[in-house]
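We name chains A, B, ... by the order of the sequence lines, and we start the count at 1 in each one. When reading the values below, keep in mind they use all heavy atoms of this one structure, side chains included, and skip hydrogens, waters and symmetry mates. These numbers come from a predicted model, not from an experiment.
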Number of protein chains: 2
Amino acid sequence: MSQHSLGDDVSIANVAAVAGVSTATVSRVLSGRRRKDDDLSRRVRAAAKQLNYSVNYAASALRSAKTNSIGLIVPELNNSLYSSLTQAIEPAVNHAGKQLILGIGSTAAEQEQRIRLVLSHRVDALIIIPVETEFIVPFLETVAKQIPVVQLLSQTYSNKLDWVGISETTVMQIIADHLSTAGARSVAYIGSSTDDLDGMTLFTAFHMQMTVSGLSTYTEWIHFTQESVDSGYRIMQKILSDHSFYPESVICSDGLTAVGVYRACAAAGLSVPEEIKIAVLHDSALCENGTFESVSFTSVQLPWDRIAAEAVTLVAAEQERKSWLPSRRELEPELIIRKSTVVSS
Amino acid sequence: MSQHSLGDDVSIANVAAVAGVSTATVSRVLSGRRRKDDDLSRRVRAAAKQLNYSVNYAASALRSAKTNSIGLIVPELNNSLYSSLTQAIEPAVNHAGKQLILGIGSTAAEQEQRIRLVLSHRVDALIIIPVETEFIVPFLETVAKQIPVVQLLSQTYSNKLDWVGISETTVMQIIADHLSTAGARSVAYIGSSTDDLDGMTLFTAFHMQMTVSGLSTYTEWIHFTQESVDSGYRIMQKILSDHSFYPESVICSDGLTAVGVYRACAAAGLSVPEEIKIAVLHDSALCENGTFESVSFTSVQLPWDRIAAEAVTLVAAEQERKSWLPSRRELEPELIIRKSTVVSS
DNA sequence: TTGTAAGCGTTATCAA
DNA sequence: TTGATAACGCTTACAA
């Protein structure tokens, strides 16, 4: 811990005086616009350090129209997807020397209001996990005319917005391949609601994978639900009610549902993973340790840090390029293999 | 959704011209420094609206040294305590017409670095959930000389910092009273580690409540652990290994532990809540629906929105008062009674 | 490459 | 109460 000294009211003029140069030179050296690392540069930096100088962003922003801040709009934080991402973005933004201005909006209207707010504070760029994309995307496209905008995760295609995320198709492919390799020949699907685009994309990808990976499924084995242990339990109970015939594996949207599914299997006397394997689409703490009797769930982990790094790099780099085609950065999810799909040796 | 018009480059001078007054008057009217709501005021406001004017905060900040932004420093977001609080603070800050600048730091050193960063952006105030308080509090006290600082949740006493939170003693009292009223005469305690002050405060409060509420406990029934289903299960199994003698209730620090405890009870053939009652100190989604077989856990819910509102009110109000004694606002937690402590009728 | 000086858009001061 | 004007601290033409 340091000496607790805080920036006093020292301005660029003081630094200039101490270093024996003009304010313009100080500005150029400290902002990096003067690359040379000669005696003069060192003198300026030394003076700045000695005086504990830090730039007044208000003055800087007023003159240069750059505020050194990035707006981040997320739907909510009580959701591990969004909180993980926010937690990954904060250090990335700080690493880029910027400030993170946070806005939370769970509807398109709220998100638009928050965006207007951060815009009125002249943020340099906007990173957003959009909701109700059909409403918010047109607005985002108008925003993108002013500042760089990066969309995260959402599967909405826009030829005017940058995008960083993962492919739901890849997620499903990784899981289906793994279940097949692990020995399962049939699979049930308990997905999140199909209200949103991501849910639909996942379900479509599931069907596509059936053919490819040699797994089979049945209409009675396909269900959609809100995430909860209870509904996972009830749905799985229903699936298992036909005693002559049960799936050799289950794909669940989330950890809570998986816990319910597991309990239903246990209650029906089916052993996991020997007789039935369980895989989860979205990783969470529950998949790793949220169960008991030493069960844990194989799941797909999203590369939060890389998504965050890509997003920040994109908005930082984009400051320059005036005319451009939108970037799409698709990152690879990672399968975390746990006890629910493989027999421990 | 509105017409997607974004603030153009209209300045106070344009508004002044349209309204037929000076820029000074426009500034006074729009900033609320001129209270009167006469024809002149209306004319200015109409002109501002017509031109879609929004103040340039950089210019405003440069002149007035107020940036209309508040810094929030939290330890992390993958923890429901902190993410709930952040989610509650964001709307409160926005409601106050300010921007929220977020910093995440899980150590005192990281928090200090983030604080310096937001300070260099001249935030008007700081709200912080401190970690390693013995290290960070002295630094916070120096910060408090410059801008209002409100500490949240932490139990650290400082005669220089404002504080908003809840009393751990009250939490324990509410739970012990409830268990006693529900018919339990003895209780086990599975707390979080005693490394931090909060854990120690809770445990001390637990002991105090034993006498007051007429509950009894035993050394063998008291354990400390990291939150996980597995450790809850193992600890409870150990407690129940003496078959002649078991507690009529259990207080757990969190939902994961409670799930493990419940499983151990079920495995031992003890029915919840009839033979043994389970209560949780920190509410989470798991307490409400994270279990199966229709069990849910009685727990204590913190008044997030009120904590957030108090914190924001405090830093906003404090702008004025130059000499002051620190405020301490202690809010009441609420007991959420669920199936783990009362027999359903 | 460096210094000089003119702004950036607002608020504060001061005089009317 | 209002208006004219200076000042906030920085960046950037432009001149040297």
message: If you compare every side-chain N and O of B/Tyr57 against the phosphate oxygens of C/dC8 (OP1, OP2), does one of them come in below 4.0 Å?
response: no
query: Between B/Arg45 and B/Asp37, is the closest basic N to carboxylate O distance under 4.0 Å?
result: yes
statement: Closest non-hydrogen atoms of B/Leu331 and B/Arg306, given as atom of the first, atom of the second and distance, are CD2-NH2, 3.3 Å
message: Strictly below 4.0 Å, N to O, side chains only: are A/Asp38 and A/Arg42 in salt-bridge contact?
response: no
field: Spacing of A/Ile12 atom CD1 relative to C/dA5 atom C1', expressed in whole Å
entry: 14 Å
- line: Rounded to whole Å, CZ of A/Arg63 lies from C1' of C/dA5 at a distance of 10 Å
query: Does A/Trp304 reach the side chain of A/Leu81, with side-chain heavy atoms less than 4.5 Å apart?
result: yes
message: Which residue in the set A/Ile128, A/Leu102, A/Ile127, A/Leu85 passes side-chain contact (heavy atoms from CB on, under 4.5 Å) when paired with A/Val74?
response: A/Leu102
task: Find the distance B/Asn68:CG to C/dT11:C1' and express it as a whole number of Å.
output: 13 Å
- prompt: A/Val26 or B/Thr25: which one's nearest nucleotide on DNA chain D is closer to the 5' end?
  reply: B/Thr25
- prompt: Considering heavy-atom distances to DNA chain C, does B/Arg28 or B/Ala13 have its closest nucleotide positioned more toward the 5' end?
  reply: B/Ala13
- prompt: Quick one: how far along DNA chain D does chain B reach, first to last nucleotide 5' to 3', anything under 4.0 Å to a heavy atom?
  reply: D/dT1 to D/dG9
message: Assess, by modelled atom type and distance only, whether the side chains of A/Glu132 and A/Thr107 contain a donor and an acceptor separated by less than 3.5 Å.
response: no
message: For A/Ala17, is there any backbone N or O sitting under 3.5 Å from a side-chain donor or acceptor partner on A/Asn14?
response: no
message: From CG of A/Leu62 over to C1' of C/dT10, roughly how many Å is that when rounded to an integer?
response: 8 Å
message: Is it the case that the side chains of B/Arg33 and B/Ser27 hold a donor-acceptor pair, with the cut-off being a distance below 3.5 Å and no angle test?
response: yes
message: Within residues 16-23 of chain B, which residues have any heavy atom lying less than 4.0 Å from an atom of DNA chain D?
response: B/Val21, B/Ser22
- request: Determine whether the side chains of B/Arg34 and B/Thr25 contain a donor N or O and an acceptor N or O closer than 3.5 Å.
  value: no
- prompt: Rounded to the Å, how far apart are A/His121 NE2 and C/dT10 P?
  reply: 13 Å
